[in-house]
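Inspection log for the structure reproduced underneath, given as structure tokens.
As the structure lists them, so they are numbered: ligands from 1, and atoms in each ligand from 1.
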Amino acid sequence: MKKVMLMAVAILFSVTGAFAAHSGRMLPDTAKTKKVKPAKVQYTCTMHPEVLSDKPGKCPKCGMTLVKKESAKKKADTMKMKM
Ligand SMILES: [Zn+2]
């Protein structure tokens, strides 16, 4: 019976070790995948922020080409748009 216990412990340790090594490798990949996953990109008119489209096109109000608007609000982007 003791042998069985030792075997079980050995297997448990090896499995845990393998899992730890695996998850350690997997974690960065998961993070990358999350980053790569495209954020909801919308297109908006610089003159009419209320105009939102999920496809590039032209503003129905003024005919200006819609610009990409990333879901993350960045002040730097807003500054660029004003230029
Ligand atoms: Zn417009």
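- Taking CE of M64 as the reference point, atom SG of C59 lies at 8.0 Å (rounded to 0.5 Å).
- Closest of all the heavy-atom pairs between Y43 and K55 is CD1-C, 3.4 Å.
- Looking only at distances, no side-chain donor or acceptor of T65 sits under 3.5 Å from a matching main-chain atom of K58.
- The CG atom of L52 sits 4.5 Å away from the CD atom of Q42 when rounded to the nearest 0.5 Å.
- The SG atom of C62 lies 5.0 Å from the NE2 atom of H48; values are rounded to the nearest 0.5 Å.
- Of all protein N, O or S atoms, those under 2.8 Å from the Zn ion (ligand 1) number 4.
- Between T44 and V51 the shortest heavy-atom distance is OG1-O, 2.8 Å.
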